[in-house]
There are 2 protein chains.
Amino acid sequence: MQTYRNTKQRTRILEVLRSTDTHPTAAWVYDRLKFEFPSLSLGTVYRNLTILEEQGSVVRIASGSTFDRYDAVVTPHPHFRCLKCGGLYDTKDMSQDAISYPEKTASGHLITKMVLEFHGTCAPCLEKRPASGEMKI
Amino acid sequence: MQTYRNTKQRTRILEVLRSTDTHPTAAWVYDRLKFEFPSLSLGTVYRNLTILEEQGSVVRIASGSTFDRYDAVVTPHPHFRCLKCGGLYDTKDMSQDAISYPEKTASGHLITKMVLEFHGTCAPCLEKRPASGEMKI
DNA sequence: TCAATAATCGGAACGATTATTAATAATGGA
DNA sequence: TCCATTATTAATAATCGTTCCGATTATTGA
């Protein structure tokens, strides 16, 4: 059994993650901390994010074939993903608390977590484009 | 505007995908077809899966930092993902049809699709492990 | 049939993540 | 407090899924 030690790096990585709601990537956290720890390594960020996930302090949000994102809000909540820019947002007006599901599926799979996502075009990307049709000239 | 052509490879890729409910990866499809097309390239499989997705014949299921999977059932339906083995299953007993959501979020994001996943331990993985506690010896 | 060009093949390139290694530093006990 | 233990770090190499590239081939509409 592995015992975790407290390091400045890990502490700050969690603090940085808790200070934003932008669901950062490992690289974003690294950029944010490399001035504070000039010798910080990207591998350290990755390893600590994995450890923080094991500890339940952080949730990993997979995005398939692009970079993963991390969220320090571990309470289950839905996300909105923009298919144009890849942005990931919280949807504060929506909740998944009311959706109930069984402990096991009919096939006997044990459910421990429900993940709900909405996909589409985010408000900033909508503004960049004409109301309908293709961009002209 | 790009026009699509019909190729044997693309046709067979879609057929193979429609012949299974295992949500295959690109590599799985490639293995399945490389005897039929000895000179088949993995890049061709990837490109065609992307084209089939553009055409709406196939849905990509992202799995973050592991291989993506593809589903020829394009009707929205929830999936179960095993966190032990990475397996992806349909949950035939569950549906997401009853869950309603607005066209736009409060922040103005345009929603075009809802993705619902259940995570946990699948039945085969449950059987491999003792009912509770850690594996002994 | 023929020209235009989309699609293929093979391999190289890419980017996010993980593994490796030696050096460093946090921890618990004497 | 000092020391031994060992988790953690930094730097870099390696991995792996996926995409891109150039030359060739195949499909399509005229």
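Values reported hereafter were calculated over all heavy atoms of this structure, with side chains retained and with hydrogens, waters and symmetry mates removed. Residue numbering restarts at 1 for every chain, and letters A, B, ... go by the order of the sequence lines.
Nucleic acid contact for A:T44: base, since at least one base atom lies under 4.0 Å from a heavy atom of the residue. Contacts of B:Y46 with the nucleic acid, taken as non-hydrogen atoms under 4.0 Å apart, include base atoms. Using a 4.0 Å heavy-atom distance criterion, A:K34 is classed as making no nucleic acid contact.
Here C:dA7 presents its C1' atom at 16 Å from CG of B:L33, a figure rounded to the nearest Å. A straight line from CG of A:L49 to C1' of D:dT8 spans 15 Å, rounded to a whole angstrom. The distance from atom OH of B:Y4 to atom P of C:dT8 is 12 Å, rounded to the nearest whole Å. Distance B:I51 CD1 to C:dT8 P: 7 Å, rounded to the nearest Å. Distance CG (A:L42) to C1' (C:dT18): 11 Å, rounded to an integer number of Å. What separates CG of A:L40 from P of C:dA23 is a distance of 21 Å, to the nearest Å. The distance between atom CZ of A:F37 and atom P of D:dA11, rounded to the nearest whole Å, is 14 Å. We find that CZ of B:F67 is positioned 13 Å from C1' of D:dT18, with the value rounded to whole Å.
Taking the six-membered ring where tryptophan is involved, the planes of A:H109 and B:Y89 are tilted, since the angle between them lies from 30° to 60°.
Listed pair A:R47 / C:dT18 fails the phosphate criterion, with no side-chain N or O lying under 4.0 Å from OP1 or OP2. For B:N6 and D:dT28, the shortest distance from a side-chain N or O to OP1 or OP2 is below 4.0 Å. The side chain of B:K8 contributes no N or O atom lying less than 4.0 Å from OP1 or OP2 of C:dT8. In terms of phosphate contacts, B:T3 brings no side-chain nitrogen or oxygen within less than 4.0 Å of OP1 or OP2 of C:dT5. Applying the 4.0 Å criterion to OP1 and OP2 of D:dA10, one finds that A:S39 has a side-chain N or O inside that range. In this structure, A:Q9 does not reach the C:dA25 phosphate: none of its side-chain N or O atoms is under 4.0 Å from OP1 or OP2.
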Give the C-alpha distance, both sets of side-chain angles, the deciding distance and a yes or no for side-chain contact (heavy atoms from CB on, under 4.5 Å) between B:L14 and B:Q55.
-> CA-CA 11 Å; B:L14 180 55; B:Q55 297 178 334; over 6 Å; no
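Position along DNA chain D of the nearest nucleotide to B:S41 versus A:R10 favours A:R10 as the more 5'-ward residue. Across the interface with DNA chain D, nearest-nucleotide mapping of B:G43 and A:T7 shows A:T7 to be the residue nearer the 5′ end. Mapped onto DNA chain C by nearest heavy atom, B:P38 and A:R60 fall at different nucleotides, with B:P38 at the one closer to the 5' end.
At a threshold of 4.0 Å, the pair A:E15-A:R12 counts as salt-bridged, since one of the basic side-chain nitrogens sits closer than that to a carboxylate oxygen.
Looking at A:T50, its side chain does come within 3.5 Å of a backbone N or O of A:Y46 through a donor-acceptor pair.
Here the side chain of A:R5 is nearest to one of D:dT19, C:dA25, C:dT17, namely C:dA25.
The two residues B:I13 and B:L33 make their nearest non-hydrogen contact at CG1-CD1, 3.6 Å. Of all heavy-atom pairs spanning A:Y30 and A:S41, the tightest one is CE1-C, 3.9 Å.
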